[in-house]
Structures are given as C-alpha cells and as structure tokens.
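Encoded as structure tokens, the structure appears first; notes follow it.
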Amino acid sequence: MSLEDRKASKHKKKKQRLVFRAIILSVLLGAIVYALVDNLQKDKSIYKVGDEAPDFELLQVNDNNEMEKVRLSELRGKGVMLNFWATYCDPCEAEMPYMQSLYPEYKEKGVEIVAVSLDGAELRINRFIEKYGLTFPIPHDKKDTVRELYKVGPIPSTFFINPEGVIVDKVEGALTLESLEGHLEEITPQ
Amino acid sequence: MDWFSISSGALYTAFILYLIATFFFGATIKDKKTTHKGKSGTIGIALTIAGLIAQLVYFITRWIASGHAPVSNMFEFVTSFGMGLVLAFLILYFIYRITVLGLFALPIAMILIAYASMFPTEIAPLVPSLKSHWLYIHVTTVSLGNAILAVSFVSGLIFLIRQIDQTVKNKKNIWLELIIYSLFLFIGFIVISSVFNATNYEAVYGYQYNDKSYQSTYHMPPIAGPHNGEILTPGAMKPLFEAPSWMHGKDAGQKLNTIIWSIMAGTLIYGIVRLVLRKRVGAAIQPYLNKTNPDMLDEVTYRAVTIGFPVFTLGGLIFAAIWAQIAWDRFWGWDPKEVWALITWFFYAAFLHLRLSRGWHGEKSAWLAVGGFAIIMFNIIVVNLVLAGLHSYA
Amino acid sequence: MKHIKCECGHVNPEGTVLCEACGKPIEGNQHIDGNDRKKLLNMRYEGSARRSQTYNKSIIDKIWSFFSSVKVGVWLIVIALVASAIGTIYPQKMYIPADAISRDPSIFYEETYGLTGKIFYQLGFHVLYSSWWYMLLIALIGVSLVICSLDRFVPLYKALKRQKAKRHPSFLERQRLFSQTDHVTDGEKEQVIQALKKQKYKVRHEEGHILAEKGRFSRWGPYVNHIGLIIILLAALLRTSSFMYIDEYVWVREGEQTVIDGTDSQFYIENKEFILETYDENDERFAEAIKKQGAIPSNFQTNVIIYKAKEQEVPGQELELEVYDEAEIYMNHPYKFEGYTLYQAGYQLNEFTTMTFAVTDINNNEQIDQFMIDLTNPQETYELNDGFRVMISEYYPEYYMSDNGPDSRTDNTKNPAFVFAVSTPDSEGAEVSFVGDYMNTPTNFDATGENDYRVELIDAEMHNVSGLTVRRDYTLPLFGLGAAIFMIGVMQGMYWQHRRIWVNVKGDGVLLAGHTNKNWFGLKKDIEKVISDTSINQVIDQQELD
C-alpha cells in the first residue's frame with residue numbers, strides 16, 4: 001500500500017465515522033424530540049381538528065324538538081355544533097342560554113345544535129329543558145357510548161363540525177355569547 | 001406454647017446469640033492476622049450462624065402463626081432487613097474471611113432488630129392490596145439486596161475509621177463522627193422507648209386535622225403535642241410546645257415527640273461515651289483496627305455493591321414493577337417509595353461508574369458506601385413514616 | 001493522524017494507551033488514562049484507543065465526545081437523582097390525598113405547607129416526573145448510555161481479541177499482582193500450565209510465554225445491561241402512543257350496564273355485585289390488631305358480566321349485546337380479555353337505588369298511599385289512591401346547598417333530595433315540600449307551613465359502585481425483555497470476573513503477573529494454587545493504599 005493509498009483509506013474511514021456518528025446522533029435526537037412533543041401534547045383525544053366526526057345515533061329527549069333520534073350522518077350538509085353537557089355541570093348551565101338565544105337564527109341558516117346529555121336521570125334533563133326553554137335536539141347518552149367515542153374529558157366540551165362532516169374546532173370549557181357566535185358563523189353553509 | 005410465642009422467643013434468642021457473637025468477634029481484633037481463623041473468630045461465626053437459624057425459626061413460626069410472610073409492617077420488615085444483614089455478612093465472610101466485619105455488622109443488625117421491636121409487634125392481617133405471593137417475593141429480595149449493600153457500608157465504615165487521620169480535628173473526622181453519632185441516635189430511640197414502655201406511660205391527646213377529630217396515644221411524655229391538640233387523659237401533662245402546623249398527617253405531633261426524645265437520649269448516651277473515652281469515638285476505635293487490611297476492606301466494599309446491586313435491582317425495581325402491575329394496574333407510579341428505590345439505584349449505578357471509569361477507590365469509595373446506606377435507611381424509615389404514600393407501613 | 005507502531009511490531013490505532021498486542025505503554029499517550037506518575041498501569045478498557053478522545057474537529061465529533069464521557073454520564077445520573085428526591089418532598093399532584101383541604105394544586109400546596117408548598121407548586125415540582133426537563137434528563141442519560149457503550153465496546157473488543165501471550169516486561173512489572181523468579185525449569189512451567197487448565201483457565205502459549213484467561217465474557221456485562229436499559233427507554237417511548245397503551249377508568253353501579261372505555265365501544269360491562277369483606281374480629285390471631293386499628297378490610301371484589309356488542313351500524317344505537325364472559329375481579333387478581341385488563345381500583349359505598357315514600361295526612365296521621373322512586377329513572381308523576389298524585393318538580397341526586405340555591409354536585413345518587421308537589425283530588429293546585437338530604441341533615445320542609453299532607457321516606461334500597469381501571473399495554477413484553485437483558489448483563493458483569501495470569505519468560509526465569517477486574521483476593525488464591533510445588537515466587541500486591 002502506498003502512502004497515497006493509506007492516506008486515502010484513512011480519509012475514507014474518518015468520513016465513514018463522521019457519517020456513522022451523525023446518523024446515531026440524529027436518531028437519538030429524533031427520539032428525544034418525539035418523546036417530548038408527544039408527552040407534552042395535552043390533547044390526547046383521538047378526534048382532532050381536521051378529522052371527520054365519527055357517526056353515532058342516540059334517542060332524542062327534548063319534547064320541544066320534533067326529532068326522535070339524532071344520527072349525525074343525517075345532518076350532512078348542515079353545520080353541527082356538537083355539545084356535551086350535564087345538568088349538574090355549572091359551566092354547562094351557563095352557556096345554555098346563549099345556545100338557545102342563537103339557535104333559531106342559525107337553524108334558519110342551516111346550523112344544527114346537538115347537545116348530548118351525559119346525565120343519568122331523564123327527569124333532570126326535562127326539568128332543565130323546561131327551565132331554559134330549550135328547543136334544540138338533546139340526545140341522551142345513557143351508556144356513555146358517545147362520550148367514550150369522542151373521548152370527552154371534562155365538560156362542557158364542544159365540537160364544531162362543518163357541512164362536510166369535518167371537525168373544524170374543539171372547545172373545552174364554557175363559551176361566551178360572542179365566541180359562540182363566531183364559531184357558529186364558521187360552520188354555517190355557504 | 002403457640003406459634004406466636006415460639007416466634008417471639010426465637011427472635012429474642014437470635015438477638016442474644018448475635019450479642020455474644022459480637023464479643024467473640026471483638027476478641028479477634030487482638031489476633032495477629034485478621035484473615036486467618038482464630039479460635040474466637042470460629043466461635044463467633046458459629047454463634048452467628050446459630051443466631052441466624054434462630055431468626056429463621058422466628059420468621060417461619062411467625063409465618064405459620066399469621067398465615068402470611070412476616071414482611072408486612074414496619075416491625076416485620078426492619079427485622080427481616082436485620083436478618084438479611086446477618087446473612088449478607090456471612091456470605092462476604094465466607095468469601096473473604098474477615099472477622100472484623102462481624103464486629104460491626106452484628107451490632108448494626110442488632111440495632112435494626114431492636115429498633116424494629118419498638119413498633120407494634122402484634123400480628124395484623126393483610127389488607128387486600130398486599131394479598132399476593134409477590135409480597136414475599138418482592139419484599140424479601142429487596143431486603144436481601146439492601147442488606148448486601150449495607151455490608152458495603154459496614155466495611156466502608158471500618159475503612160474510614162481505620163484510615164482517617166484522627167490526630168487533628170478536620171472535616172473528615174468530624175463527618176465520620178457524625179455518622180457514628182447518628183448510630184447513637186438509634187440506640188437512643190431504643191433505650192428511651194424501652195424505658196417508657198417499662199413504665200407503661202400513656203396519655204391520649206385529641207387534635208383536629210382537616211376538620212376531623214383524631215386521637216394520638218403518647219407513650220412518651222409530650223414535649224411536642226399535636227397541633228391544636230387537647231388533653232384527653234385526665235392529669236396528663238401539658239405539652240411544652242405544639243407541633244408546627246405544617247407537620248401534617250396522622251400522629252405528626254407524636255412522631256415529632258418521639259424524634260425529640262430519641263435525639264435527647266442518643267445525645268446523652270453519646271455524651272457519656274465521649275466523657276469516658278475523652279476523645280472522638282472514631283479515634284478511640286482506630287487503634288484497634290491497626291491490623292485490618294484496608295485493601296481488603298475496600299475490596300469488600302466494592303464486592304458487596306457488585307453482589308447487592310443486581311439483587312436490589314431485581315427485588316426493588318423489577319419484582320416491584322411486576323407486582324405493581326398486578327396490584328395497582330401500573331408498574332411504575334412515582335410513589336415516594338418507588339422514587340427512592342430509583343434514587344438508590346441511581347446512586348449505586350453512579351458508585352459503580354465512578355469506581356470503574358474514574359478510579360474512585362479507597363476512601364472515596366468508602367464515603368460513597370456510607371452515603372448509599374444513608375439513602376437506604378432514608379427509604380426504610382423516613383419514607384415509611386413521614387412521606388407516607390402507598391407503601392406506608394405505620 | 002497516524003497509527004502507532006509498537007516495538008513488538010503491532011500497529012495500534014491513534015489514541016492507544018497500551019499496545020493492543022503486548023501491552024507496552026505507548027509513549028506520549030499515558031496522560032489519557034492518567035498513567036503518568038502512577039507505578040501501576042491503569043487497565044481500564046485495556047488501554048485501548050477510544051475514538052472520542054482523539055478526533056475533535058467537527059461539531060458532530062464534539063457532541064459525540066461530550067456524551068461519550070462517563071463523567072458526563074455520572075453527572076446526569078446525579079442530577080436525575082437529586083431532582084427525583086426533590087419531587088418527593090411533598091406529594092405529587094396525583095397523590096394529593098382525597099381528604100385534603102382542596103384537591104386543586106394551586107390551593108392545596110400553599111394551604112397545607114405554606115410558603116415552601118407554594119414554591120414547590122410554582123416551580124412545577126408537583127408534576128415533576130412528567131415535566132419536560134425531567135424527561136429530557138432521562139433521555140439524555142439514554143443518549144449517554146448509547147454513545148458511551150458504542151465508544152468503548154468496539155475498541156475493548158478489538159484489544160481483547162488482539163492481545164498476545166507475550167507481553168512487554170514493563171506491562172507485567174506494572175501490574176498490581178507481580179513476581180519475578182530467576183530460575184524456573186520447563187517441567188515447572190508445564191506443571192503451571194496443567195494447574196491453570198485444572199482451574200478452568202483458557203491457556204495460550206506462544207514461544208514459552210503463557211497467557212491464562214478466565215471469564216472474559218464478564219467484560220461484556222456492562223454493554224449487555226446497557227442494551228437492556230436502552231430497550232426499556234424505547235418501550236417507554238412507544239408507550240406514549242395510544243395504540244400501544246390505553247389507560248381508562250370506568251365507574252359502574254351494581255346492576256348497571258356501561259361501555260368499557262378504551263375498547264372502541266366493543267365491550268360493555270355489568271356490575272353484578274360489589275363485595276367488601278373485613279376480617280373477623282373474633283379471629284384470635286388478629287384480635288389485637290383489629291382492636292387497635294378498627295375493622296381491617298380483607299377483600300374488595302367486583303363480580304362482573306362482560307358483554308360484546310354485536311356489529312352496529314353506528315355507535316349509540318339501541319344495542320344488541322351478547323354475554324362474552326363472567327369474571328370476579330379483586331385486588332391482585334385482575335381480569336384479562338382480548339388484550340385488555342380490568343383491575344379493581346376503587347369503590348363507592350351506599351348510593352341509593354330506590355326510595356319509597358309514604359304520603360300521610362298530617363291531621364289524622366292516616367297514610368294515603370306509598371310510592372317507590374327508581375332513582376336511575378324517576379317518573380314525572382306518581383298516581384296514588386283516591387286520586388292523589390305526586391309530581392317531582394325537582395330532583396337532586398347528590399344534593400347540596402350552593403350559592404345559587406339547592407343543586408346537585410353530580411348525578412351519583414349519594415344524597416338524594418326532592419321537591420314534591422302533592423295534588424289532592426278535591427283542591428286545585430298542589431302542596432309543595434322539600435324532602436331529602438338524608439346523608440347530612442335529613443330535611444322535610446314545608447315552605448308555606450300550611451300543608452295537610454306529608455311525604456315521608458319509609459324505605460330505601462342502596463347499591464355500591466365499583467371503579468375499575470382498563471388497561472391495554474402492548475409495551476409490557478418490551479419492558480420485560482429490557483429488564484431481562486439488563487439482569488443478564490448486570491449479573492454477567494458483576495457475578496463473574498475476568499481473570500488473567502501471564503507467565504512470560506525472562507532469561508532463565510519468568511515474570512508472573514495477574515490482573516482481574518474484581519476479587520483480587522480470589523485471583524491471588526488461584527495463583528497460589530498454580531505455583532504450589534514449583535519454585536516460582538508468589539505474587540506481591542503492589543497496590544499501596546496506606
């Protein structure tokens with residue numbers, strides 16, 4: 001082996017080592033970044049903004065509304081505000097009047113408000129409906145199936161679904177009148 | 001005779017045998033070569049083995065009496081740790097044949113057993129979460145692992161007493177003295193508890209915690225009473241002061257009171273010893289260790305860690321995780337006990353890396369061994385009694 | 001940048017401390033392992049060339065060499081140790097006791113522990129183990145593990161593979177165990193070889209030089225256990241994905257049927273019965289303990305029926321369920337099915353199932369009729385005898401007095417209260433009364449004070465609620481594998497020793513040296529046995545500690 005060859009082979013080895021190290025380091029870096037990003041993401045739910053909202057069907061319990069059952073897929077073409085609530089939840093109670101006040105106007109515009117109740121006793125839902133004069137459909141999720149399907153954590157929790165059936169927004173906690181109007185505007189069909 | 005009294009008798013016998021064995025090991029100090037078997041060394045070892053057998057009898061008969069392995073409360077757990085220490089000492093003795101190890105290991109084992117006996121010794125049934133074979137698989141392995149690691153503390157301590165310059169006062173021998181002093185605190189706790197047990201002292205105090213009423217039964221005169229407490233036993237003395245409000249949890253005042261008494265008693269005993277010796281306790285022991293071979297002690301320190309570390313990992317982390325998965329649906333939950341097991345593991349991992357890669361031999365190694373033991377004791381005592389989590393024993 | 005040729009003819013890579021073949025200290029490289037002033041050679045990694053110690057040009061190399069330092073690794077461990085300890089000063093957020101002043105961390109820590117508690121909370125130590133910096137710390141330990149191992153394993157492997165029986169005299173002289181003998185016969189050497197073989201040493205001899213070796217595989221222990229640790233960290237990484245790991249909790253009342261969270265609505269559970277048993281206080285063995293501590297529970301158990309949902313067009317529709325299995329779930333005895341595991345995790349005792357009320361005429365104490373309310377589904381009205389009628393105007397399953405008047409905390413029937421409206425056949429309108437709050441201050445309140453009829457509780461049925469954890473964890477086998485490999489590695493490294501004995505010819509005599517990574521005492525005894533009955537001198541321990 002000539003001096004030249006040896007130099008060349010050494011150079012090659014050095015380069016290989018650099019490449020090897022660079023690969024190992026970048027794999028490790030990737031793993032760390034993945035771990036941190038994944039862990040710090042608070043939103044662990046499966047359905048996120050941009051996903052298609054999964055279909056469900058529940059019995060509707062509000063006598064002021066003509067629907068017997070609510071099936072999400074049948075509301076295609078309309079914007080849907082899908083709200084999860086319960087009678088014992090104070091922030092839910094706080095936003096209900098806003099929803100009711102905007103409902104007639106947006107129903108005209110092609111937006112449906114679907115407020116899924118997670119209560120146990122239907123009687124309480126009825127009393128609540130009477131108290132606030134609610135007219136939008138209220139499906140009763142007796143066996144927690146839909147809560148589990150949407151991985152709803154704390155309530156109130158609201159999904160805004162556009163006419164194509166895609167989730168465009170997700171809000172945890174109570175809505176104000178203004179923010180509610182803004183969100184409804186977003187899902188109003190053109 | 002029922003099983004329970006046989007078991008208590010056996011434990012008492014074991015204690016006495018360890019005590020006598022210690023004296024025989026003491027006699028070996030004057031032998032010319034520490035590594036060769038002298039007569040007194042042989043007798044000492046025979047007595048130690050006899051003591052271990054007696055303690056095994058305690059263990060087995062108590063198991064029969066209660067229907068579960070006796071590792072379910074503070075008394076049982078610390079006792080089995082003491083037994084593990086004797087076993088670990090024997091293992092290392094038969095590798096290296098150093099009798100001086102026994103002179104220090106047995107008293108520490110005795111302190112542990114006596115300390116354990118100050119806690120309630122009656123047999124309690126197992127709560128549902130402990131009803132599993134993993135209870136004894138996990139707990140016995142952990143205490144054996146801890147015990148083997150504790151032998152490294154014993155040899156490290158002997159190393160330090162032998163090697164550290166005692167001619168002038170310096171940082172190192174003050175630290176060493178502090179370690180010896182802390183052993184005296186345990187003795188203080190044992191002595192003072194026994195004294196008040198013998199006098200049958202009892203006073204009940206009531207206190208409020210989170211709007212609920214509790215009662216604390218004091219077995220020592222209250223220096224520190226419960227926060228916002230009131231005397232329930234007529235004629236009982238008024239506490240000198242109340243435990244500060246941030247000390248929460250059940251019986252916080254009573255625990256603080258016990259600690260104060262132990263420190264007072266321990267300090268008193270230490271003070272008397274100092275007065276008699278007229279020098280640091282470490283300095284007084286040092287001349288007797290002249291003939292021990294520091295290299296050998298250093299080797300034992302390291303070896304005990306290498307033997308104990310895998311056992312501890314297996315019992316304290318792996319078995320612990322398996323059981324936690326079965327009982328509590330998660331193998332790791334950042335419970336204080338689990339965290340301190342991890343800390344212990346980190347510590348000994350650092351010990352090994354420092355020794356192997358950075359050449360921390362001899363004195364540095366010995367200091368680390370002492371530190372490791374402090375962590376183990378912290379996990380057994382402070383975590384169980386103060387940072388109560390799922391593993392709370394008392 | 002050049003290889004170093006040793007006088008024995010072996011060409012060593014750059015950065016070598018001791019010649020790979022003969023062990024002669026390489027001129028000018030002794031500072032790397034701090035050999036300079038010491039009499040004994042530092043044998044760590046066999047004095048092989050660790051690449052990280054030499055090339056340090058590019059940023060990649062710099063990062064590499066940073067993480068390849070054991071010093072850095074130990075520092076990371078120490079920092080993790082201290083951080084972990086800090087997190088145990090006060091309970092972590094998830095361990096805030098149920099009977100605490102408040103379970104809201106922003107209140108709990110300050111209220112309970114004062115200023116230090118507030119600091120603990122504000123620094124985020126209450127969720128320390130899931131904080132980004134703690135995770136980063138553990139991840140960096142992982143990085144250090146990978147790089148340290150790679151950086152050391154390869155050169156060590158090569159050095160042990162290339163070692164020769166003939167060593168440079170200075171290598172032997174500077175071993176911890178060493179002796180020199182001036183006259184040794186061939187017969188004696190043969191005797192030594194036989195003795196070594198008898199002790200299960202692997203013996204090589206080249207030109208009369210002997211290298212006896214035992215337990216070399218223990219040198220790989222550290223690398224094996226590091227692989228185990230890396231697998232464990234990888235498993236932890238995978239666990240963050242919801243496909244690999246599901247962790248849900250389901251509360252189910254006795255008699256109730258509900259979906260099992262996390263199973264894609266495929267499985268439903270019915271609670272047949274929750275059982276809480278305590279130890280018999282008459283049991284002699286435990287009498288004293290029970291007297292001291294009060295009743296001690298012996299069993300928490302839920303008997304369940306698992307249902308599988310039949311193919312459904314869309315979730316939520318009226319379900320068709322078929323029984324899948326029945327199981328008894330109790331502590332330390334979880335129930336496994338289809339990759340899921342159900343654990344007995346909690347319970348609520350004494351919720352109300354039904355309540356039976358009687359309507360009585362206050363004036364003559366005559367009972368009109370009784371009616372029973374099913375609390376899971378109360379009716380609007382209950383028709384009674386003689387045209388009496390009770391209407392439920394308000395129903396509070398878990399009654400409490402809020403700032404805005406009566407309210408219900410949840411829909412669990414822990415403390416029911418009702419507003420009844422009793423209408424009589426002969427009068428218009430109805431008599432209103434508030435009845436309930438039996439778990440706190442039983443109330444039967446008549447707002448007007450003019451009621452003629454009284455609604456009284458005469459009977460109630462109770463039920464319990466079981467809390468079960470639902471787990472699916474596909475990473476468990478990986479954790480198990482990592483732990484097993486770690487244990488194998490750590491035992492391999494700790495319970496075996498790599499012992500070597502060299503006997504090199506020097507003139508008429510031999511140089512004898514021994515090296516081991518632990519238990520010098522044992523090696524010395526080995527050598528003692530090997531040279532017994534020969535004129536070879538016993539080795540002297542050259543290390544001076546005192």
Side-chain angles (χ1 to χ4, degrees), chain B residues 4 65-67 95-96 120 122-129 131-132 134 163 210 212 245-246 248 294-296 298-299 302-303 306-307 309-310 313-314 317-318 321 325-331 333-336 339-340 342-343 346-347 349-350 353-354 356-359 361-362 383 387 389, chain C residues 34 42 44 70-71 73-74 77-78 80-81 84-85 87-88 91-92 94-95 99-101 112-114 116-117 129 247 279 283 285-286 288-290 292-293 296-300 330-332 334 341 343 345 469 471 476 479 483 486-487 490-491 494-495 518-522 541 543 545-546:
Chain B
F4 182 68
S66 67
I95 301 176
Y96 293 102
E122 75 268 359
I123 292 174
L126 289 183
V127 294
S129 62
K131 281 173 137 186
S132 166
W134 285 100
Q163 290 300 97
N210 280 355
K212 275 182 215 141
S245 62
W246 52 266
H248 278 276
D295 271 342
M296 192 70 109
D298 182 50
E299 175 80 29
Y302 174 46
R303 201 69 197 285
T306 61
I307 298 174
F309 185 71
T313 311
L314 191 67
L317 297 173
I318 298 178
Q325 180 71 33
I326 295 170
W328 295 321
D329 64 54
R330 84 288 184 290
F331 56 83
W334 300 107
D335 168 70
V339 175
W340 278 91
L342 182 69
I343 290 172
F346 273 150
F347 185 88
H353 284 95
L354 286 169
L356 294 173
S357 275
R358 310 217 51 87
H361 291 249
V383 175
L387 306 176
Chain C
N42 189 335
R44 74 172 93 124
V70 171
K71 202 171 170 181
V74 170
I77 291 176
V78 171
L81 187 157
S84 308
T88 63
Q92 289 289 295
M94 60 193 156
Y95 290 121
D99 62 353
I101 297 171
T112 317
Y113 305 107
T116 50
Y129 306 110
D247 172 15
Y279 284 98
D283 187 331
R285 294 177 299 169
F286 307 136
E288 201 184 332
I290 294 173
K292 261 194 198 173
Q293 303 175 30
I296 300 172
S298 68
N299 188 23
F300 305 124
Y330 50 91
M331 288 300 284
N332 281 303
T341 313
Y343 296 86
T469 335
R471 286 288 163 113
L476 285 181
F479 277 105
F486 176 81
M487 277 314 294
V490 86
M491 280 165 52
M494 303 266 147
Y495 294 166
K518 58 184 96 51
N519 197 2
W520 294 84
F521 179 70
D541 191 338
Q543 183 168 309
L545 273 170
D546 42 335

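Numbered from 1 within each chain, the chains take letters A, B, ... in sequence-line order.
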Where on C:Thr341 is there a heavy atom nearer than 4.5 Å to chain B: the side chain, the backbone, both, or neither?
-> neither
What residue, out of C:Gln92, C:Met94, C:Lys71, has the most heavy-atom pairs lying under 4.5 Å from chain B?
-> C:Lys71
When rounded to the nearest 0.5 angstrom, what is the spacing between OH in B:Tyr302 and CE in C:Met494?
-> 5.5 Å
Side chain from CB out, backbone as N, CA, C, O: work out which of these in B:Phe309 comes under 4.5 Å of a heavy atom of chain C, or both, or neither.
-> side chain
In this structure, OH of C:Tyr343 is separated from CH2 of B:Trp328 (nearest 0.5 Å) by 13.0 Å
Proximity breakdown for C:Tyr279 and chain B, heavy-atom pairs closer than 4.5 Å | side chain
Tell me, side chain or backbone of B:Leu356 under 4.5 Å from chain C's heavy atoms, or both, or neither?
-> backbone
Identify which of B:Gly333, B:Ala321, B:Ala349 forms the greatest number of heavy-atom pairs closer than 4.5 Å to chain C.
-> B:Gly333
Highest number of heavy-atom pairs under 4.5 Å with chain C: which of B:Ile343, B:Asp329, B:Ile326, B:Leu317?
-> B:Asp329
Could you tell me which non-hydrogen atom of C:Asn332 sits nearest to which non-hydrogen atom of B:Ala327, and how far apart they are?
-> OD1-CB, 3.1 Å
Atom group of C:Leu81 that falls short of 4.5 Å from chain B, counting heavy atoms = both
Largest heavy-atom contact set with chain B, pairs under 4.5 Å, which of C:Gly522, C:Pro297, C:Gly87 = C:Pro297
With a 4.5 angstrom heavy-atom cut-off, could you sort out which part of B:Ile307 is near chain C: side chain, backbone, both or neither?
-> both
Heavy atoms only: give me the nearest C:Lys518-B:Thr306 pair and the separation to one decimal.
-> CE-CG2, 3.8 Å
Can you tell me how far OG of C:Ser298 sits from CZ of C:Phe286, rounded to the nearest 0.5 angstrom?
-> 10.0 Å
Please identify each residue that fulfils salt bridge (charged side-chain N to carboxylate O under 4.0 Å, His left out) with B:Glu299, with sequence neighbours left out.
-> none
Segment of C:Tyr495 engaging chain B (4.5 angstrom heavy-atom cut-off) = side chain
Please indicate whether C:Tyr330 has more than 12 foreign heavy atoms, meaning atoms of other residues, nucleotides or ligands, lying under 6.0 Å from its OH.
-> no
How long is the span from the CG atom in C:Leu476 to the CD atom in B:Gln325, to the nearest 0.5 Å?
-> 4.5 Å
From CZ (C:Phe300) to CE (C:Met331), nearest 0.5 Å = 7.0 Å
If one checks every heavy atom of B:Ile123 against chain C at 4.5 Å, the contacting part turns out to be both
Between CZ on residue B:Arg330 and CG on residue C:Asp247, distance to nearest 0.5 Å = 11.0 Å
Considering only heavy atoms and a distance below 4.5 Å, find which of B:Ser129, B:Ser66, B:Gly67, B:Ala350 pairs most often with chain C.
-> B:Ser129
Note: vs chain B, highest number of non-hydrogen pairs under 4.5 angstrom among C:Gly73, C:Ala80, C:Ala345 is C:Ala80
Under 4.5 Å to a heavy atom of chain C? For B:Ala124 that would be both
